[in-house]
Amino acid sequence: MEYQHVLVERDGPVGLVTLNRPRVLNALSPALVAELSDALRGFDDDAEIGAVVLTGGPRVFAAGADIGDMADRSPVEQLQRDQTGRWAAIAAFSKPLIAAVNGYALGGGCELALMCDLIIAGDTARFGQPEINLGIIPGAGGTQRWPRTVGKYVAMEVTLGGAPLTAQRAHQLGLVNKVVPAEVTIGVARQVAAQLAEKAPVAVRLAKEAVNRALETPLSEGLAAERRSFYFLFATEDQKEGMRAFLEKRRAQFKGR
Ligand code: COA
């Protein structure tokens, strides 16, 4: 697939996807989302890649869904396009996905960041769901992921009020892992990705799956699934290597097997 709206690079075990529609502040058109999903699928299938950084521009991560594209649509057209349903491929990415956010992450742009596993924010970052100002509500997970991340009251403030939160406030609320000077956001995210890419890949995959499951299942089911994954990992060579390396006081060499 030839990409027009995203840039895709790789640096050893770290993949980097940059949203690249600067003229419309990285508005998330269906074409962009399809390219992003395809790029992530490629990294998912690539055994050499251990983690991926997703970033946007220096002033805007992404300004949400493409308002020009949506303005005159009927509900049936919206249903047939199922624009936000297609985002499931992004949430289904099995490796660590780290958002490096500078500037505005609004609407779908914010929901995209919330689909990532970690968020590194530049000090200029702003996170918000302004859909209410357009007479709609978030449609790519905002009303569900905000309360699961920061609780009901902040979620209400953000979705009913429409005003964005600063990077610092998002950090205090636990939405953001680190706030850094904007000029080093991508570099820091790459370092974090490189560190995660050194871990045992099967364990990383199952850990991500288990944490995500916690947001979807009752505790007893989540605990049972966690235990099954925990026991399963004793079938991997990486578990043997990890424990042997610890006992031999050396660095483990994980192979993803
Ligand atoms: N969809 C389509 N086009 C968009 C867009 C979006 N979500 N967000 C910005 N743009 C376009 C603007 O229309 C403008 O186009 P123009 O140059 O042809 O006039 C261009 O991007 C620059 O935006 P502008 O508003 O002039 O930049 P700004 O720096 O003053 O403000 C934002 C930046 C992000 C605060 C502002 O653009 C904004 O609020 N965007 C909409 C965010 C939103 O509501 N998202 C939810 C969508 S469901």
Side-chain angles (χ1 to χ4, degrees), residues 3-7 17-37 54-91 99-116 119-150 154-171 173 175-176 179 182-183 185-186:
Y3 298 139
Q4 290 177 359
H5 306 304
V6 300
L7 304 173
V17 183
T18 306
L19 308 174
N20 188 35
R21 289 185 80 203
R23 206 180 43 77
V24 285
L25 308 185
N26 290 335
L28 301 164
S29 63
L32 183 150
V33 171
E35 290 185 11
L36 171 59
S37 304
L54 172 62
T55 193
R59 211 171 62 80
V60 178
F61 176 74
D66 194 328
I67 300 171
D69 188 54
M70 282 189 303
D72 294 322
R73 278 219 221 106
S74 72
V76 172
E77 282 166 342
Q78 281 288 66
L79 180 74
Q80 284 166 342
R81 289 183 143 220
D82 191 23
Q83 192 173 323
T84 52
R86 286 162 204 248
W87 291 45
I90 302 167
V101 179
N102 280 330
Y104 293 106
L106 298 181
C110 185
E111 290 167 298
L112 183 57
L114 289 176
M115 285 183 191
C116 295
I119 302 179
I120 308 296
D123 48 12
T124 58
R126 297 286 179 274
F127 297 86
Q129 301 293 158
E131 289 89 344
I132 202 79
N133 299 325
L134 302 168
I136 56 170
I137 66 170
T143 65
Q144 303 304 299
R145 290 197 173 96
W146 273 95
R148 282 167 166 80
T149 309
V150 299
V154 176
M156 288 293 187
E157 175 189 329
V158 167
T159 49
L160 303 186
L165 304 184
T166 61
Q168 289 73 16
R169 175 120 190 267
H171 184 242
L173 291 165
L175 183 87
V176 156
V179 181
E183 55 284 6
T185 312
I186 298 176

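Both counts, for ligands and for their atoms, begin at 1 and track the order of listing. Every value quoted in this text rests on a predicted model; they were computed, and no experiment measured them. Numbering of residues begins at 1 and proceeds along the displayed sequence. The basis for the numbers below is simple: all heavy atoms, side chains too, and nothing from hydrogens, waters or symmetry mates.
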Would you check if [X] and [Y] make a side-chain contact, meaning some heavy-atom pair closer than 4.5 Å?
{"X": "Leu112", "Y": "Phe61", "value": "yes"}
{"X": "Ile90", "Y": "Leu54", "value": "no"}
{"X": "Val6", "Y": "Leu19", "value": "yes"}

Task: Point-to-point distance, once rounded to the nearest 0.5 Å, from CD1 of Ile136 to CE of Met70 - done: 4.5 Å

Which ligand 1 atoms, with their elements, are less than 4.0 angstrom from a heavy-atom of [X]?
{"X": "Arg59", "value": "29 (O)"}
{"X": "Glu131", "value": "48 (S)"}
{"X": "Leu134", "value": "44 (O), 47 (C), 48 (S)"}

Take [atom] and look for protein heavy atoms under 4.0 Å from it; say yes if you find one, no if not.
{"atom": "atom 30 (O) of ligand 1", "result": "no"}
{"atom": "atom 37 (O) of ligand 1", "result": "yes"}
{"atom": "atom 23 (O) of ligand 1", "result": "yes"}
{"atom": "atom 6 (C) of ligand 1", "result": "yes"}
{"atom": "atom 12 (C) of ligand 1", "result": "no"}

Open item on the list: Please tell me whether Thr185 and Asn102 have a donor and an acceptor in their side chains that are separated by less than 3.5 angstrom.
Closed with: yes

Task: Among Ile67, Asn133, Leu25, closest by any non-hydrogen atom to atom 21 (O) of ligand 1 - done: Leu25

Task: Options Ser29, Gly107, Ala63, ranked by nearest heavy atom to atom 45 (N) of ligand 1, top entry - done: Ala63

TODO: Taking only Lys NZ, Arg NE, NH1 and NH2, and the carboxylate oxygens of Asp or Glu, determine whether Glu157 and Arg169 approach each other closer than 4.0 Å.
DONE: yes

